[in-house]
Amino acid sequence: MRVAIFGTGYVGLVTGTCLAEVGHDVVCVDIDQAKVDGLNRGIVPIYEPGLEPMVKANHAASRLAFTTDAAAAIAHGQVVFIAVGTPPDEDGSADLQYVLAVARTIGRHLQRPTVVVNKSTVPVGTADRVRAAIAGELAARGAEIDFDVVSNPEFLKEGAAIKDFMSPDRIIIGADDDHAIDVMRRIYAPFQRTHERVMVMDVRSAELTKYAANAMLATRVSFMNEMANLAEALGADIEQVRRGIGADPRIGYHFLYPGAGYGGSCFPKDVQALMRTASEHKLSMRVVEAAETANQLQKLRLSQKVVARYGEDLAGRTFALWGLAFKPNTDDMREAPSLAAIAELTRRGARVRAHDPVAMPRARQILAANTAVEFCDDMYQVLGGADGLLVATEWKVFRAPDFQRVHSLLKTPLVIDGRNLYQPADMRSQGFDYEGIGRA
Ligand SMILES: NC(=O)c1ccc[n+]([C@@H]2O[C@H](COP(=O)([O-])OP(=O)(O)OC[C@H]3O[C@@H](n4cnc5c(N)ncnc54)[C@H](O)[C@@H]3O)[C@@H](O)[C@H]2O)c1
């Protein structure tokens, strides 16, 4: 099928590339000229395992094109996806300006019946607003063209986005028109050869499903983080507790890891937006609110542990930091717990020397104004003379470092492990002063 996709970020680029990979004819549109020019030269603007070769191959095979020409893309697409950002507004609600701008653009250029698919994460009722925005532009042109608006929220995980898109757990289609449902089934048929993954539901339920999923996952993380903090206070070991509860199939082992708080472009903003939606309906989401508050506090755990060792004033101290990205296998720094740790440590007068396998270019931009932060290309280079090592992201390369070398480089052999990568007993036997999250 001929597909147009608005927004060439983490979701739009992966969606476009994977749809091209299975044979669809895809045009990706973005307003960022530099990004589009780069993509046309084979430069992929984000780090996502497996993405770059797939972009290059499909671009070379002429199934994947990049443009800033919205009219041409709309003329191309039998189906037009909206995959632009929905960042938090000042009051925490999802800012729909980009989604609605695309809707108006579609209305201005639509020439024939089209299915418009909203893939951005948007509050319940947005499909109606997208429909109204397109209809308004058509009316202004005096044009009468049939179109459908479908909700198709995305569940890919950064760092495993290609795999998630190619083998989805489920494909949620929120639609009330048989033709639109049929078109969506044809688009996604290549991704469900082993079994049916499409779930068709009404538009509002589809929109809410995305928020419900992220709020549930955020709650699980915050629950484990609070349990870990309690375990620490009680002298219990959260790792053993985790295994003990994960064995219950009603709980399961997935997504049960305590750490330095959740970050990223989705959980924090989607949790906020959900609370905002609830309050607009005079309801409060007390569980979700608590998950969010607990997360804000958890992001301070690493720096609190440092303060517990060295006191409130950290002037003259230097800390090594392994990991900047909000999770491994991505360069996404949005809401990363590392940023909270850096802000706290440097506010108290410390210097931070940081290393991340892929997120340093992005981190350099974000932290340009903070002169107390230095970046090193080598993970061992950050350690020299430091008053301790903090681990903020569980990159594989940090899992089994040369501990002797780490020990000999640090001025003080303190390791504060925000991702529980190491075994406390092993670390202590090697002479480290070791602290994880919730470890006995
Ligand atoms: N990142 C994720 O892991 C993820 C997962 C599931 C859902 N989502 C949701 O998907 C949506 C997109 O997220 P993202 O992380 O890909 O965003 P992003 O910020 O990486 O990319 C958004 C892109 O849209 C472009 N854009 C803005 N206005 C445009 C316009 N009028 N026309 C064309 N392009 C335009 C921007 O230039 C940018 O390249 C959000 O609603 C997000 O919540 C994200």
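We count ligands from 1, going down the list as the structure has it; atoms in each ligand are counted the same way.
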Seminar exercise, completed: Ranked by distance from atom 25 (C) of ligand 1, the top protein heavy atom is D30 OD2, 3.2 Å
For this session: Write out the residue and atom name of the closest protein heavy atom to atom 28 (N) of ligand 1, then the distance separating them to 0.1 Å.
Result: I31 CD1, 3.4 Å
Exercise. Going by distance only, is there an N or O of E158 that falls short of 3.5 Å from an N or O of ligand 1?
Worked result: yes
Exercise. Side chains of E344 and S303: is there a donor and an acceptor less than 3.5 Å apart?
Worked result: no
Problem set entry | atom 41 (O) of ligand 1 - nearest protein heavy atom and its distance | T86 OG1, 2.5 Å
For this session: Give the C-alpha distance, both sets of side-chain angles, the deciding distance and a yes or no for side chain to side chain donor-acceptor pair (under 3.5 Å) between Y188 and N152.
Result: CA-CA 11 Å; Y188 282 113; N152 172 219; 2.6 Å; yes
Exercise. For the ring pair F326 and Y262, is the centre-to-centre distance below 6.0 Å?
Worked result: no
Exercise. Got the closest protein heavy atom to atom 7 (C) of ligand 1, with its distance?
Worked result: T121 OG1, 3.5 Å
Seminar exercise, completed: If we number the atoms of ligand 1 from 1 as shown, the ones under 4.0 Å from a heavy atom of V102 are 30 (C), 31 (N), 32 (N)
Problem set entry | ligand 1 versus S265: contacting region, heavy-atom distance under 4.0 Å | side chain
Seminar exercise, completed: If you scan protein heavy atoms around atom 15 (O) of ligand 1, the nearest is R334 NH2, 3.0 Å
For this session: Answer with yes or no whether K157 contacts ligand 1, where contact means a heavy atom under 4.0 Å from a ligand atom.
Result: no
Exercise. So which heavy atom in the protein is nearest atom 22 (C) of ligand 1, and how far is it from that ligand atom?
Worked result: G85 N, 3.7 Å
Exercise. Short N/O distance, under 3.5 Å, between K119 and ligand 1?
Worked result: no
Exercise. Which atoms of ligand 1 sit under 4.0 Å from any heavy atom of F6?
Worked result: 32 (N), 33 (C)
Exercise. Relative to the heavy atoms of K269, which atoms of ligand 1 are at a distance of less than 4.0 Å?
Worked result: 42 (C), 43 (O)
Exercise. Looking at A83, which atoms of ligand 1 are within less than 4.0 Å of one of its heavy atoms?
Worked result: 12 (C)
Exercise. Stepwise, does the side chain to side chain donor-acceptor pair (under 3.5 Å) test hold for D69 with T67?
Worked result: CA-CA 5 Å; D69 186 344; T67 183; 5.1 Å; no
Problem set entry | side chain to side chain donor-acceptor pair (under 3.5 Å) between N118 and E207, worked out | CA-CA 9 Å; N118 191 18; E207 288 172 334; 5.2 Å; no
Exercise. Under the 3.5 angstrom rule, does the side chain of D164 hit a backbone N or O of K157 as a donor-acceptor pair?
Worked result: yes
Problem set entry | Backbone N/O of L110 and side chain of R141: donor-acceptor pair under 3.5 Å | yes
Exercise. For ligand 1, which atoms sit closer than 4.0 Å to a heavy atom of V84?
Worked result: 11 (C), 12 (C), 24 (O), 26 (N), 27 (C), 28 (N), 29 (C), 34 (N), 35 (C), 40 (C), 41 (O)
For this session: Taking atom CG of D146 as the centre, report whether more than 12 heavy atoms of other residues, nucleotides or ligands fall under 6.0 Å from it.
Result: no
Exercise. Hey, does K35 come in under 3.5 Å of ligand 1, counting only N/O atoms on both sides?
Worked result: yes
Exercise. In ligand 1, which numbered atoms sit nearer than 4.0 Å to a non-hydrogen atom of L156?
Worked result: 3 (O), 5 (C)
For this session: Return yes or no for this condition: an N or O of D332 is under 3.5 Å from an N or O of ligand 1.
Result: no
For this session: Take D377 and Q381, measure what side chain to side chain donor-acceptor pair (under 3.5 Å) needs, and give me the verdict at the end.
Result: CA-CA 8 Å; D377 289 332; Q381 206 187 336; over 6 Å; no
For this session: Over 60° means perpendicular and under 30° means parallel, so classify the ring planes of F398 and W322, tilted if in between.
Result: parallel
Exercise. Is E48 reaching over with its side chain to a backbone N or O of A161, donor-acceptor style, under 3.5 angstrom?
Worked result: yes
Exercise. With only distance considered, is D270 within less than 3.5 Å of ligand 1 through an N or O on each side?
Worked result: no
Exercise. For residues Y257 and N420, is any side-chain donor paired with an opposing acceptor at under 3.5 Å?
Worked result: no
Problem set entry | atom 8 (N) of ligand 1: nearest protein contact (heavy atom, Å) | V11 CG2, 3.5 Å
Seminar exercise, completed: For atom 24 (O) of ligand 1, the closest protein heavy atom turns out to be G7 CA, 3.4 Å
Exercise. With a 4.0 Å cut-off on heavy atoms, does E48 reach ligand 1?
Worked result: no
For this session: Give a yes or no on whether the backbone of D332 and the side-chain of R362 come within a donor-acceptor separation of less than 3.5 Å.
Result: no
Exercise. For ligand 1, which atoms, with element, lie under 4.0 Å from some heavy atom of V29?
Worked result: 33 (C), 34 (N)
Exercise. When you check the side-chain N and O atoms of S222 and N225, is any donor under 3.5 Å from an acceptor?
Worked result: no
Exercise. Can you find an N or O of E154 that's nearer than 3.5 Å to an N or O of ligand 1?
Worked result: no
Exercise. What about Y98: any of its N or O atoms under 3.5 Å from an N or O on ligand 1?
Worked result: no
Problem set entry | Q192 side chain vs V198 backbone, donor-acceptor pair below 3.5 Å | yes
